[in-house]
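All remarks here apply to the structure that follows.
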Amino acid sequence: QLVNVLLGDMLLIGPRPALPEEVAVYTLRQFKRLDTTPGLTGLWQVSGRADTTFEEQMTLDIRYVEERSLWMDLQILIATVPTVLMGKGAY
């Protein structure tokens, strides 16, 4: 996926790529999460990962799309390191 970032197909920060079976059941509001390029890490990854429900994941991704900023991206990037190293929310 890092290669995809270098090629410009993904961003470093953004919602994770959507699976077709997820998109098939999106509500109208949830399509908002597709308004930005997918990323390697994002708000829901640093907010609980697998410990969150699908609805919580959607809410966090939509919040990111609506509120994204350089400051938010920096906060997510910094929070990603301990989240990954500690395996928080990973199963």
Side-chain angles (χ1 to χ4, degrees):
Q1 289 181 341
L2 188 55
V3 171
N4 290 327
V5 171
L6 297 174
L7 293 174
D9 296 330
M10 290 180 75
L11 299 173
L12 195 56
I13 313 294
R16 296 290 297 150
L19 299 172
E21 56 269 18
E22 292 174 344
V23 177
V25 297
Y26 276 7
T27 64
L28 189 57
R29 173 132 173 85
Q30 290 169 338
F31 277 100
K32 179 87 172 164
R33 107 183 258 284
L34 303 177
D35 286 352
T36 190
T37 305
L40 285 178
T41 188
L43 186 57
W44 84 262
Q45 285 86 357
V46 300
S47 301
R49 291 165 81 183
D51 291 335
T52 59
T53 66
F54 180 75
E55 287 299 319
E56 290 168 327
Q57 293 170 15
M58 291 293 107
T59 299
L60 289 164
D61 281 345
I62 292 166
R63 178 177 158 212
Y64 174 78
V65 170
E66 293 177 342
E67 300 175 12
R68 67 184 175 174
S69 66
L70 180 58
W71 177 242
M72 180 183 265
D73 283 355
L74 288 172
Q75 289 176 307
I76 292 169
L77 190 59
I78 290 166
T80 296
V81 175
T83 299
V84 170
L85 291 177
M86 294 181 344
K88 180 182 171 194
Y91 298 107

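Predicted model only: the values in this text are computed from it and were never measured. Note that these values count all heavy atoms, side chains included, but never hydrogens, waters or copies made by symmetry.
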Give a yes or no on whether M72 and I62 share a hydrophobic cluster (residues Ile, Leu, Val, Met, Phe, Trp, Tyr; joining criterion: side-chain heavy atoms under 4.5 Å apart).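 Result: no, two separate clusters.
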
Can you measure from [atom1] ([X]) to [atom2] ([Y]) and round to the nearest 0.5 angstrom?
| X | Y | atom1 | atom2 | value |
| --- | --- | --- | --- | --- |
| Q45 | T83 | CD | OG1 | 9.5 Å |
| L11 | N4 | CG | CG | 11.0 Å |
| I76 | W71 | CD1 | CH2 | 12.0 Å |
| L6 | L2 | CG | CG | 5.0 Å |
| D61 | D35 | CG | CG | 12.0 Å |

V25: which other cluster members, linking ILVMFWY side chains closer than 4.5 Å, directly or transitively?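 Grouped by the 4.5 Å side-chain rule, V25 forms a cluster of one, so the answer is none.
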
Output all residues satisfying side chain to side chain contact (heavy atoms under 4.5 Å, CB included) with F31, sequence neighbours left out; order by chain, then residue number.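 Result, side chain to side chain contact (heavy atoms under 4.5 Å, CB included) vs F31: V23, Y26, L34.
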
Side chain to side chain contact (heavy atoms under 4.5 Å, CB included) against A79, all qualifying residues, sequence neighbours excluded: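 By the side chain to side chain contact (heavy atoms under 4.5 Å, CB included) rule, A79 matches V46.
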
I need the minimum non-hydrogen distance between Q1 and L40, along with the two atoms involved.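 Smallest interatomic distance, heavy atoms only, reads CB-CD2, 3.1 Å.
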
Can you give me the closest heavy-atom contact between L43 and L60, atom names plus distance?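 For L43 and L60, the tightest heavy-atom pair comes out as CD2-O, 3.5 Å.
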
Could you pull out all residues at least two apart from [X] that satisfy side-chain hydrogen bond (donor to acceptor under 3.5 Å, both in side chains)?
| X | result |
| --- | --- |
| T53 | E56 |
| E21 | none |
| T36 | R68 |

Taking the side chain as everything from C-beta on, heavy atoms only, tell me whether [X] gets closer than 4.5 Å to [Y].
| X | Y | result |
| --- | --- | --- |
| R16 | M10 | yes |
| I13 | T41 | yes |
| Q57 | Q30 | no |

side-chain contact (heavy atoms from CB on, under 4.5 Å) evaluation trace for Y64 with D73: CA-CA 9 Å; Y64 174 78; D73 283 355; 2.6 Å; yes

